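Everything below concerns the one structure shown next.
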Amino acid sequence: MKFIHLSDLHIGKRVNEFSMIEEQRYILQQVIEVVREEKPDGIFLAGDIYDKPIPSAEAVQVFDAFLNGLARENVPVFIISGNHDSPERLAFGGKLLKSAGIYVSPIFQEIPSPITLYDAYGEVNIYLLPFIKPAYVKQVLPESPIETYQEAVQAVIEQMDIDEKKRNVILAHQFVAGAFRCDSEEISVGGVDNVDVSVFTPFDYVALGHLHGKQSVGREEVRYCGTLLKYSFSESKQEKTITIVEMKKKGQINIREISVVPKHDMREIKGTYDEITALEFYRESKTDDYLHITLTDEEDILDAVNRLRVIYPNIMKMDYDNTRTRNKQYVGEIDQVEKKTPSELFGELYLLQNNQEMSAEQNDFLQRLIEKIWEE
């Protein structure tokens with residue numbers, strides 16, 4: 001059985017005030033062409049279909065056209081909501097769509113039941129788990145002691161009554177500890193949304209969404225497929241692909257990738273103003289790509305952005321790297337702060353103000369308070 005794994009379409013997204021809608025329309029047409037060639041048995045869309053809970057009319061039209069294109073290829077589609085989606089809006093018309101082979105995860109109000117497909121090797125059970133928080137799960141499992149994201153996901157999976165002798169697949173939209181992030185993702189301070197990969201042990205393949213860089217976590221079959229487009233310059237050197245998953249008998253899974261080509265790439269270029277505007281450089285560069293230009297001139301160039309946009313119309317970002325900028329002193333190291341947990345940061349403040357460290361009881365209270373604030 002063959003599946004195509006996609007996630008984080010973020011339809012309607014703007015990057016540095018540039019609308020990505022035409023890029024998304026272009027890349028989704030490539031997906032339909034791949035579907036036509038590969039003839040998969042199902043398409044996985046693992047959350048963050050839209051970039052906002054209330055998507056624009058144009059974004060809805062783009063996704064509608066994509067679904068219609070997939071329907072014409074007569075392939076089942078499995079969709080879950082991500083943290084950027086409104087589960088209520090995404091699930092609208094879900095029962096009607098089901099008759100057309102489009103399965104949308106409902107609002108999380110009960111433990112998901114599997115959707116079963118069959119091939120020569122028997123059953124494949126597909127579970128749709130939308131983005132969840134501890135507070136969501138507490139409403140469904142009020143008797144369970146759930147405080148963390150780890151406990152929330154684990155409690156739901158334990159209630160699924162999975163037959164591990166059969167092939168099982170889950171679509172999920174969570175952050176699995178150990179994975180790497182990109183600048184375009186929504187980041188929680190201190191990693192309070194972490195989920196350990198061990199919670200997904202019962203599943204033969206885990207189709208993850210949430211992170212924008214393609215990667216496997218823990219084992220090859222626990223996989224983020226990544227975005228189809230680059231949404232930040234931290235992704236500029238990444239190759240964006242479509243993930244193909246082929247399942248034979250239990251324990252036999254082959255994963256491969258098909259590269260996609262954007263309408264406009266996202267690149268970073270660096271040099272002096274004269275170098276970047278030189279005819280030779282211009283001839284060798286695709287000038288309509290989305291660019292982050294770093295000028296190395298020691299003196300600022302007057303109206304540099306507008307002058308460069310005559311040659312490179314899609315400049316998203318411009319800055320300088322020279323003696324002056326390198327010698328700037330910043331208060332604290334931001335990247336070091338982001339690596340610390342909220343409790344570590346608060347502990348440093350407490351020590352500074354009180355000349356003593358917090359007690360174990362105070363630490364425990366602080367951790368519970370941080371979890372409560374994060375859930376809300």
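Given the structure is predicted, the values throughout are model-derived calculations rather than measurements.
- In this model, a donor atom of one side chain and an acceptor atom of the other lie less than 3.5 Å apart for Asp319 and Thr294.
- Counting non-hydrogen atoms of neighbouring residues, nucleotides and ligands closer than 6.0 angstrom, the NZ atom of Lys250 exceeds 12 such neighbours.
- Ion pairing of Glu239 with Lys214 is present here, as a side-chain N (NZ or NE/NH1/NH2) and a carboxylate O approach within less than 4.0 Å.
- Residues Phe175 and His210 place their aromatic rings such that the two centres sit no closer than 6.0 Å.
- Between the Gln29 side chain and the Tyr26 main chain, no donor and acceptor come within less than 3.5 Å of each other.
- Contact of the Lys2 side chain with the Val245 side chain is not registered, since no non-hydrogen atoms from C-beta on lie closer than 4.5 Å.
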Start with the C-alpha distance between Glu147 and Lys138, add both sets of side-chain angles, then the distance that settles salt bridge (Lys or Arg N to Asp or Glu O under 4.0 Å), and finish with yes or no.
CA-CA 9 Å; Glu147 298 296 334; Lys138 282 181 181 180; 3.7 Å; yes
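- Of the options Leu129, Val199, Ile162, a side-chain contact (heavy atoms from CB on, under 4.5 Å) to Ile170 is made by Leu129 and by none of the others.
- A donor atom on one side chain and an acceptor atom on the other are found under 3.5 Å apart for His173 and Asn83.
- Between the side chains of Asp196 and Ser198, at least one donor N or O sits under 3.5 Å from an acceptor N or O.
- By the 4.0 Å N-to-carboxylate-O rule, Glu23 lies too far from Lys263 to be salt-bridged with it.
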Give the C-alpha distance, both sets of side-chain angles, the deciding distance and a yes or no for salt bridge (Lys or Arg N to Asp or Glu O under 4.0 Å) between Lys230 and Asp289. CA-CA 12 Å; Lys230 300 172 185 179; Asp289 281 346; over 6 Å; no
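- Between Glu22 and Arg25, at least one side-chain nitrogen of the basic residue sits less than 4.0 Å from a carboxylate oxygen of the acidic one, meeting the salt-bridge criterion.
- Here ring-ring contact (aromatic ring centres under 6.0 Å, His included) pairs that include residues 116-140, with residues two or more places apart or in two chains, are Tyr127-Phe203.
- In this pair, Phe233 and His292 present their aromatic rings tilted. The plane angle is within the 30 to 60° band.
- In the model, Thr148 has no side-chain atom that pairs as donor or acceptor with a side-chain atom of Gln150 under 3.5 Å.
- The minimum heavy-atom distance linking Leu229 with Lys240 is given by the pair O-CE, 3.5 Å.
- For the pair Glu246 and Arg256, the salt-bridge criterion is met [side-chain N within less than 4.0 Å of a carboxylate O].
- With Gln215 contributing its side chain and Arg223 its backbone, the two residues share no donor-acceptor pair below 3.5 Å.
- Contact detail for Leu97 and Phe92: the closest heavy-atom pair is CD1-O, 4.3 Å.
- More than 12 heavy atoms of other residues, nucleotides or ligands lie within 6.0 Å of CG in Asn306, so this atom counts as buried by the packing criterion.
- Aromatic ring centres of Tyr205 and His5: separated by under 6.0 Å.
- A salt bridge does not link Arg324 to Glu299: none of the charged nitrogens lies less than 4.0 Å from a carboxylate oxygen.
- When the shell of 6.0 Å around CD of Glu361 is examined, it contains 12 or fewer heavy atoms from other residues, nucleotides or ligands.
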Residues 108-116, side-chain donor-acceptor partners within the protein, below 3.5 Å, at least two apart:
unit_1	atom_1	unit_2	atom_2	d
Thr116	OG1	Asn125	OD1	2.7

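- Ile242 and Met1 are not part of a single hydrophobic cluster, where members link through side-chain heavy atoms under 4.5 Å apart.
- The residues Asp204 and Lys249 are annotated as not salt-bridged, no charged nitrogen and carboxylate oxygen being separated by less than 4.0 angstrom.
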